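For reference, the structure discussed in these notes is given below.
Predicted model only: the values in this text are computed from it and were never measured. In what follows, chains are A, B, ... by sequence order, proteins preceding strands, each numbered from 1.
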Amino acid sequence: MVSWFKQKKSVILDKEKIEELLTRGVERHYPSEDFLRQRLFSGDRLKLYLGIDPTGPTLHLGHAIPLRKLKQFQDLGHEIILLIGDFTARIGDPDKKEVRKQLTRKEVLENAKLYKEQASLFVSFKGKNAAKLMFNNSWHSKLNFSDVLDLASKITVQQMLERDMFRKRIQAEKPIYIHEFMYPLIQGYDAVAMNVDGEVGGNDQTFNMLVGRTLLKELKGKEKFVLPMKLLVDTTGSKMGKTTGNMLSFLDSPEEKFGKIMAWTDEMILIGFELCTDIDLSKIKNRLDGGENPRDIKMELAYEIVKTYHSDIVAKGARDAFVKTFQKGNTPNEIKSVKAGIGEKLYEVFIREEIVNSKIEFRRLIEAGAITNKTDNEKITEMDAPARPSVYKIGKHRFFEIKAM
RNA sequence: GGGGGGAUACCGAAGCGGUCAAACGGGGCAGACUGUAAAUCUGUUGGCUCAGCCUUCGGAGGUUCGAAUCCUCCUCCCCCCA
């Protein structure tokens, strides 16, 4: 009883903060918003987690959104866990089109290496309410076939088939392997293994998170809340997916991050503020409605986001670089520099440095008038133009400085 | 186990003996327009020693002057029946 009293005291019951937590960026609430509100006001210290599968070498902006939500829970004194899906990543969450290539344990661990460090930009792994880092291989690797059967008996095939990924596969007459089919079950078991009160994640994870909810209810009689977050997408739906390549990576340079955000459509400005900053949304909305140039508001968004990853000064620098390069058409301060030998042709250097893939690709760029020598302010029109020590620009965004060897 | 259908470039999808490096759509890249926006329009999207040549249509053989297209075997997938 004593410890229970202690826990009660450690949780903050700030009404405003709780409402912000319940609404900002949240797509839905399971089982209900009121359920979670009651839990938050009950004074209980809740245990919740965010699971990330280390399928790629770095976190990206999409991960930051639920991480920020996790942070809000942490700030209120709740117990938060960042779960690295080192087991689940090997299977891969089923994709709507193809069977994923299975990763090796080594690849997965390699990917996960920087995750904690990157996640600590948002949640704290230090101090008195430090976030915990867990790995789901530690329990999944111990389950045997009999355990798996017990779990599998809690979910029906019909329930599993509700997953849109599976439906799409079936519709497209593409194979679904049993190990993929079991993915939601495996991921769902995480909630049981950690015996949590809740989970946050992207809206695309709703199905998996709900499987966890079902399992926890079946096995421990516990009502797990599930908080799916809105996804950062443009009006057409899925422009920001990592497959399309324009997702902000944590490892992008500040300038790249700034530029990528500026390339978002205007319709994403408000959702961008909602999901990636703490700024009051009503003010932004008023300004947008008031006819202010969306570009300027987007610049602020880009600045705010870059600031969360780097620092105020760096964000300002990225903004200045953006203005200088794209609004005034100058050369950015920091550009990739490559060496060229005497007598080397421009295409030879570009191919060697993998700036272009082939000679014919270089030719196409020449023919399109896409390559400029910025130092001489001259368009390159000849295939065999020499590689001069100058700054070259390909298209709008790519700058290279060639230096003599 | 039986029967039928299918595997085509980054993805989807035409082609079914020569005119096929392969229509069309999406995505990518580039150009115009702009706010590096978005939308739109245009070009381009295997490689090279570039009016030509080489490699590519699941894999391996074969038929043919000639194959993505026909035949054989293999691998994989889907559907229907049991």
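- Nucleotides B:A60 and B:C50, compared at atom P, are 30 Å apart to the nearest Å.
- If you check B:C29 for Watson-Crick or wobble pairing at under 3.5 angstrom, you find it paired to B:G43.
- Between A:Asp384 atom CG and B:C48 atom P the separation is 15 Å, expressed in whole Å.
- Rounding to whole angstrom units, NE2 of residue A:His397 and C1' of B:G28 are separated by 13 Å.
- Remark: the separation of the C1' atoms in B:G59 and B:U75 is 7 Å, to the nearest Å.
- Checking side-chain atoms of A:Lys230 against main-chain N and O of A:Glu27 turns up no donor-acceptor pair under 3.5 Å.
- A gap of 40 Å separates the C1' atoms of B:U64 and B:G43, to the nearest Å.
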Listing time: all N or O pairs from protein to nucleotides 2-7 of chain B that are below 3.5 Å?
none

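- Separating the C1' atom of B:G28 from that of B:A9 is a span of 13 Å, rounded to the nearest Å.
- Aromatic ring orientation, A:His397 versus A:Phe326: perpendicular (interplanar angle above 60°, classes split at 30° and 60°).
- Among residue pairs with one or both ends in residues 356-376 of chain A, those qualifying as salt bridge (Lys or Arg N to Asp or Glu O under 4.0 Å) are A:Asp376-A:Arg388; sequence neighbours excluded.
- When rounded to the nearest whole Å, the span between CZ of A:Phe362 and C1' of B:A30 equals 14 Å.
- Taking atom CE of residue A:Met268 and atom P of nucleotide B:A38, one finds them 12 Å apart after rounding to whole Å.
- Judged by Watson-Crick or G-U wobble contacts below 3.5 Å, the nucleotide B:C16 has no partner.
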Please write out the pairs of protein N or O atoms and N or O atoms of nucleotides 42-47 of chain B separated by less than 3.5 Å, giving the distance to one decimal.
residue, atom, partner, partner atom, Å
B:G47, OP1, A:Ser358, OG, 2.8

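- With sequence neighbours left out, A:Asp197 forms a salt bridge (Lys or Arg N to Asp or Glu O under 4.0 Å) with A:Arg39, A:Lys222.
- Of the nucleotides present, none pairs with B:U55 by Watson-Crick or G-U wobble criteria with both distances under 3.5 Å.
- Between the P atoms of B:U55 and B:U40, the separation comes to 41 Å (whole Å).
- Take the nearest nucleotide of RNA chain B for A:Lys396 and for A:Ala370: the residue whose nucleotide is more 5' is A:Ala370.
- As rounded to the nearest Å, B:A39 and B:G52 have C1' atoms that lie 42 Å from one another.
- Under the salt bridge (Lys or Arg N to Asp or Glu O under 4.0 Å) criterion, the residue pairs touching residues 106-123 of chain A are A:Lys101-A:Glu107, A:Glu110-A:Lys113, with sequence neighbours excluded.
- Listed nucleotides: B:C50, B:G35, B:A30. Nearest to the side chain of A:Leu365: B:A30.
- Across all strands shown, A:Gln327 has heavy atoms under 4.0 Å from sugar-phosphate atoms exclusively, and none from any base.
- Just one residue in the list A:Phe322, A:Tyr303, A:Trp264 forms a ring-ring contact (aromatic ring centres under 6.0 Å, His included) with A:Phe258, and that residue is A:Phe322.
- Under the salt bridge (Lys or Arg N to Asp or Glu O under 4.0 Å) criterion, the residue pairs touching residues 199-212 of chain A are A:Glu199-A:Lys224, with sequence neighbours excluded.
- Per the geometry, CD belonging to A:Glu348 stands 10 Å off P belonging to B:U49, to the nearest Å.
- In this structure A:Ser311 satisfies the side-chain contact (heavy atoms from CB on, under 4.5 Å) test together with A:Ile313, A:Val314, sequence neighbours excluded.
- Residues meeting the salt bridge (Lys or Arg N to Asp or Glu O under 4.0 Å) test with A:Glu218, sequence neighbours left out: none.
- Using the Watson-Crick or G-U wobble rule with both distances under 3.5 Å, B:C76 pairs with B:G6.
- Between the P atoms of B:C10 and B:A22, the separation comes to 15 Å (whole Å).
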Return the polar atom pairs (N/O with N/O) between nucleotides 76-82 of chain B and the protein under 3.5 Å, or none.
residue, atom, partner, partner atom, Å
B:C77, OP1, A:Tyr177, OH, 3.2
B:C78, O2', A:Glu173, OE1, 3.0

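- Taking atom OH on A:Tyr347 and atom P on B:C50, their separation rounds to 10 Å, with Å as the unit.
- In terms of polar N and O atoms assigned as donor or acceptor, the side chain of A:Asp296 never comes within less than 3.5 Å of the base of B:G35 in a complementary pairing.
- When the salt bridge (Lys or Arg N to Asp or Glu O under 4.0 Å) test is applied to A:Arg163, the partners found at least two apart in sequence or on another chain are A:Asp93.
- When the side-chain contact (heavy atoms from CB on, under 4.5 Å) test is applied to A:Pro54, the partners found at least two apart in sequence or on another chain are A:Ile84, A:Ala89, A:Val108, A:Asn111, A:Ala112, A:Tyr115.
- Annotation: B:C41 and B:A51 have their P atoms spaced 34 Å apart (nearest Å).
- Rounded to an integer number of Å, the gap from CD1 of A:Ile366 to C1' of B:G31 is 14 Å.
- In this structure, A:Thr88 contributes its side chain and A:Gln187 its backbone to no donor-acceptor pair below 3.5 Å.
- Each side-chain hydrogen bond (donor to acceptor under 3.5 Å, both in side chains) pair with one or both residues in residues 146-156 of chain A, not counting sequence neighbours, appears once here: A:Thr156-A:Gln159.
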(message) A:Asp320 vs A:Lys324, test: salt bridge (Lys or Arg N to Asp or Glu O under 4.0 Å). Steps then yes/no.
(response) CA-CA 6 Å; A:Asp320 292 346; A:Lys324 186 182 169 205; over 6 Å; no
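- Following rounding to the nearest Å, A:Arg363 (CZ) and B:A30 (C1') show an atom-to-atom distance of 16 Å.
- The residue among A:Met383 and A:Glu256 whose nearest nucleotide of RNA chain B lies closer to the 5′ end is A:Glu256.
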